[in-house]
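Heads up: the structure comes next, in structure tokens.
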Amino acid sequence: MAAGSGDLADGMARQVGKSGRVVVTDINAAMLSVGRDRATDRGLLRGVTWTTGDAERLPFPDASFDAYTIAFGLRNVTDIDQALREAVRVLKPGGRYYCLEFSKVTSPPLARAYDTYSSRALPLLGKYVARDPDSYQSLHESIRRFPPQRELAERMRAAGFANVSWRDMTLGVVALHAGWRI
């Protein structure tokens with residue numbers, strides 16, 4: 001979900017093998033088209049489907065998937081709790097949910113430095129490298145608004161996930177949340 005141009009689809013297709021399938025889903029049809037073209041150029045379309053869809057209203061039947069992944073996309077949905085409920089809905093019983101997302105830094109001194117960096121340096125990088133400072137300012141704001149690890153875990157439980165856990169990476173700059181659909 002929120003797969004954009006499908007950069008992770010190659011690795012996932014290798015993981016599920018010839019008998020599995022990967023469904024790359026994003027709300028932005030243009031990004032999916034770019035990803036599909038790239039995959040075609042590399043000969044990687046086997047077992048991969050490209051579907052336009054909103055994380056809050058997925059176009060899939062109940063209990064369709066064994067796993068659901070979202071990387072750096074949950075913070076951009078309008079209603080996180082609805083997106084979590086949809087993830088539960090489309091997972092089969094025993095299905096796994098994985099969310100990789102920017103998170104809250106766990107070291108107070110590093111947290112202050114990281115906040116300063118992301119509020120000042122990211123927009124400058126966006127201005128000079130990507131020629132898009134507004135998007136990079138939005139990135140900083142979306143990271144700030146995103147719930148901390150413990151809160152997201154509680155919201156996952158409230159949505160219906162069990163065995164919820166998370167693992168901080170880079171002192172919490174990024175966290176991987178996981179849960180099972182029961």
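Small disclaimer: the values here were computed from a predicted structure and weren't measured.
At a threshold of 4.5 Å between side-chain heavy atoms, the hydrophobic network of Ile, Leu, Val, Met, Phe, Trp and Tyr places Val34 and Trp50 in two separate groups. When hydrophobic clusters are built by joining Ile, Leu, Val, Met, Phe, Trp and Tyr residues whose side-chain heavy atoms come closer than 4.5 Å, directly or via intermediates, Phe146 is grouped together with Leu84. Note: the hydrophobic cluster containing Leu100 does not contain Tyr97 (ILVMFWY, side chain heavy atoms under 4.5 Å, direct or indirect links).
Residues forming a salt bridge (Lys or Arg N to Asp or Glu O under 4.0 Å) with Asp54 (at least two apart in sequence, or on another chain): Arg57. Residues that satisfy the side chain to side chain contact (heavy atoms under 4.5 Å, CB included) test with Pro59, not counting sequence neighbours, are Thr51. Among residues two or more places apart in sequence or in another chain, the side chain to side chain contact (heavy atoms under 4.5 Å, CB included) test is passed with Pro147 by Ile80, Glu151, Leu152, Arg155. Checked against salt bridge (Lys or Arg N to Asp or Glu O under 4.0 Å), Asp115 has the following partners two or more places apart in sequence or in another chain: Arg144. For the side-chain hydrogen bond (donor to acceptor under 3.5 Å, both in side chains) test, no residue two or more places apart in sequence or in another chain qualifies with Asn28. In terms of the salt bridge (Lys or Arg N to Asp or Glu O under 4.0 Å) criterion, Arg167 has no residue partners (sequence neighbours excluded). A search for salt bridge (Lys or Arg N to Asp or Glu O under 4.0 Å) contacts involving Asp37 returns nothing, not counting sequence neighbours.
Hydrophobic cluster membership of Met31, counting Ile, Leu, Val, Met, Phe, Trp and Tyr whose side-chain heavy atoms lie under 4.5 Å apart directly or via other members: none, as it forms a cluster of its own.
Taking both residues in full, the closest heavy atoms of Ala111 and Val105 are given as N-CG1, 3.6 Å, listed atom of the first, atom of the second, then distance. The heavy-atom pair separating Met1 from Leu58 by the smallest distance is SD-CD2, 3.5 Å. Nearest heavy atoms, Lys92 versus Ser64: CE-O, 3.7 Å. When every heavy atom of Ile143 is checked against every heavy atom of Ser103, the shortest pair comes out as CG2-O, 4.5 Å. Taking every heavy atom of both residues into account, Thr52 and Ile27 meet most closely at CG2-O, 3.7 Å. Taking each heavy atom of Val164 and Arg157 in turn, the nearest pair found is O-NH2, 3.5 Å.
Judged purely by atom type and a 3.5 angstrom limit, Thr40 uses its side chain to pair as donor or acceptor with the backbone of Arg36. When atom types are taken as modelled, the side chain of Glu56 and the backbone of Gln82 share no donor-acceptor pair closer than 3.5 angstrom.
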Could you pull out every donor-acceptor pair under 3.5 Å between side chains of residues 65-78 and any protein atom, sequence neighbours left out?
unit_1, atom_1, unit_2, atom_2, d
Arg75, NE, Ser142, OG, 2.8
Arg75, NH1, Phe72, O, 3.2
Arg75, NH1, Glu101, OE2, 2.6

Between side-chain atoms of residues 170-182 and protein atoms elsewhere (two or more places apart, or another chain), which donor-acceptor pairs fall under 3.5 Å?
unit_1, atom_1, unit_2, atom_2, d
His177, NE2, Gln149, O, 3.1
Arg181, NE, Val88, O, 2.8
Arg181, NE, Leu91, O, 3.0

If you look only at distance, which donor and acceptor atoms sit under 3.5 Å apart when one is on a side chain in residues 11-18 and the other is two or more places apart or in another chain?
none

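Distance SG/Cys99 to CH2/Trp166: 13.0 Å, rounded to 0.5 Å. Taking OG from Ser107 and CZ from Arg112, the interatomic distance works out to 8.0 Å, rounded to the nearest 0.5 Å.
Listed by first and then second residue, the salt bridge (charged side-chain N to carboxylate O under 4.0 Å, His left out) pairs involving residues 3-12 are Asp7-Arg38, Asp10-Arg42 (not counting sequence neighbours).
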Pair Phe60-Glu86, side-chain contact (heavy atoms from CB on, under 4.5 Å): steps then yes or no: CA-CA 10 Å; Phe60 307 112; Glu86 275 293 279; over 6 Å; no
